Protein chains: 2
Amino acid sequence: MTNPEKSPVPPAVIDDSTLRLFIGYHMKRAFNVVQADLTQTLKPFDLRMLTYTALVLVVDNPGLSQSQLADAMGIERPNLVVILDELEHRELIVRDRAPTDRRAYALKATLAGRRLYDKAVAAVITHENRLLASIDDATRSILIKALSEVREHQTT
Amino acid sequence: MTNPEKSPVPPAVIDDSTLRLFIGYHMKRAFNVVQADLTQTLKPFDLRMLTYTALVLVVDNPGLSQSQLADAMGIERPNLVVILDELEHRELIVRDRAPTDRRAYALKATLAGRRLYDKAVAAVITHENRLLASIDDATRSILIKALSEVREHQTT
DNA sequence: CGATAATAATTATGTGAAATAACTAATAGG
DNA sequence: CCTATTAGTTATTTCACATAATTATTATCG
């Protein structure tokens, strides 16, 4: 008689069927791939995901404050400090003083920052299109819409 | 004459239209919501995402080794050690010796581990259904299929 | 057969992304 | 004007993840 309790055979291939029931599992696995690709794509520009995101938002929103930027990025203000320090030391952005509030900074991209933005954004678009090559436009729209709807459940 | 270079008006609402061009941005924002919900859902069971994932895979794959589990979870072997230590100390899993290889462990869930698995899996399913309430079944299938296709670009 | 390579798990250690608490400077509101 | 709030910073912590090195065991190959 068999006794699976005492000596289970080491499975040759791992069954993740339970985990595949969960959308979070699929999202994490897929995002890992996208993030790995993004990291490689940004490496030639000496940008990480966070410095890239901050640069894009500063270029697109000249004059915003650090609090606004941290809020838009979904991180806490203290964590933004080092990110902006890096971008500022590389002279990609400047911390101007806000005209109406001497506590706040008005963040602005420099010309070099805008040029790096142009190149990095183009590179990321190219790389993402490669990752999405097998997915047609209609499906991409559905994907983005579904992800947006999930995001709308944000409680914080 | 206006001079937008010198005193940009602090934008009232932040423009993330460039970032919304990127599927990675949508995936990260959506996953953040799912993960926050998952963390809350697992808290009553004293499980984190990683301990939960490990428990599920051990229950579904009795007898697998730590190397196999680390590979399935996409983490390095050293990082799995503390995760399994925690599950073992709580007597949710055991590290049996593998019958064919005295270096390896044959991981198995205990009865308590399987019971916690049942409750936690049910809770996570309920919570995910809430997050996906506005998304019909056909769209969910498309979403999962698209995420799976992105994942298939895994290079590592 | 025996030396060497490879593998399983562990320990020690480091890094990067997040959070919180506490502080300074400046503004806002009763 | 005095108090509370806000903007930014510093210090510190936690967690997820990685690498290097070590021990024990197994596999390979000359």
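Letters A, B, ... are given to chains in the order of the sequence lines, protein chains preceding strands, and every chain is numbered from 1. This structure is a prediction, so every number in the text was calculated from the model and none was measured.
Judged purely by atom type and a 3.5 angstrom limit, A/Arg140 uses its side chain to pair as donor or acceptor with the backbone of A/Leu132. B/Thr110 contributes a side-chain N or O that, together with a main-chain N or O of B/Leu92, makes up a donor-acceptor pair within less than 3.5 Å. At least one donor-acceptor pair closer than 3.5 Å links the side chain of A/Asn61 to the backbone N or O of B/Asp15. Between the side chain of B/Glu128 and the backbone N or O of A/Ile23, at least one donor-acceptor pair lies under 3.5 Å. Listed for the A/Thr51 side chain is no donor-acceptor partner under 3.5 Å among the backbone atoms of A/Leu47. Proximity of a side-chain donor or acceptor of A/Gln68 to a complementary backbone N or O of B/Ile14 within less than 3.5 Å is not detected. Side-chain atoms of A/Arg114 come within 3.5 Å of backbone N or O of A/Ala109 as a donor-acceptor pair. In this structure, B/Arg97 contributes its side chain and B/Arg103 its backbone to a donor-acceptor pair below 3.5 Å.
Between the CG atom of B/Asp85 and the C1' atom of C/dA9 there is a distance of 11 Å, rounded to whole Å. Taking atom CD of residue B/Gln35 and atom P of nucleotide C/dA17, one finds them 15 Å apart after rounding to whole Å. Separating the OH atom of A/Tyr105 from the P atom of C/dA26 is a distance of 11 Å, rounded to the nearest angstrom. Between the C1' atom of D/dG8 and the CG atom of A/Asp96 lies a distance of 16 Å, rounded to the nearest Å. Between A/Glu88 atom CD and D/dG8 atom P the separation is 12 Å, expressed in whole Å. In this structure, A/Met73 places its CE atom 10 Å from P of C/dA17, rounding to the nearest Å. When rounded to the nearest whole Å, the span between CG of B/Leu80 and C1' of D/dC17 equals 13 Å. The nearest whole Å value for the distance from the CG atom in A/Asp71 to the C1' atom in D/dG8 is 15 Å.
Residues B/Gln66 and B/Arg95 have side chains in contact (heavy-atom distance under 4.5 Å, counting atoms from C-beta outward).
Within the structure, a side-chain polar atom (N or O) of A/Ser67 is placed less than 4.0 Å from OP1 or OP2 of D/dG8. For B/Gln66 and C/dT10, the shortest distance from a side-chain N or O to OP1 or OP2 is below 4.0 Å. For B/Ser65, no side-chain nitrogen or oxygen approaches OP1 or OP2 of C/dA8 to under 4.0 Å.
A distance of 12.5 Å separates NZ of A/Lys28 from CG of A/Leu19, quoted to the nearest 0.5 Å. With values rounded to the nearest 0.5 angstrom, B/Met49 atom CE is found 9.5 Å from B/Ile83 atom CD1.
Only at 4.0 angstrom or more do the heavy atoms of residues 36-48 of chain B sit from any atom of DNA chain C, so none qualifies.
Under the 4.5 Å side-chain heavy-atom criterion for grouping Ile, Leu, Val, Met, Phe, Trp and Tyr, B/Leu42 is connected to B/Leu116 within one hydrophobic cluster.
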For nucleotides 18-20 of chain C, which of its nitrogen or oxygen atoms have a protein nitrogen or oxygen under 3.5 Å away, and what is each distance?
residue: C/dA18; atom: N7; partner: A/Asn79; partner atom: OD1; Å: 3.4
residue: C/dA19; atom: OP2; partner: A/Glu76; partner atom: N; Å: 3.1
residue: C/dA19; atom: N7; partner: A/Asn79; partner atom: OD1; Å: 3.1
residue: C/dA19; atom: N7; partner: A/Asn79; partner atom: ND2; Å: 3.1
residue: C/dA19; atom: N6; partner: A/Asn79; partner atom: OD1; Å: 3.4

Nucleotide by nucleotide, nucleotides 23-28 of chain D touches protein heavy atoms under 4.0 Å in the pattern (B base, S sugar-phosphate only, - none) -BBS--
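B/Arg95 comes within contact range of the sugar-phosphate backbone alone, with a heavy-atom separation under 4.0 Å but no base atom that close.
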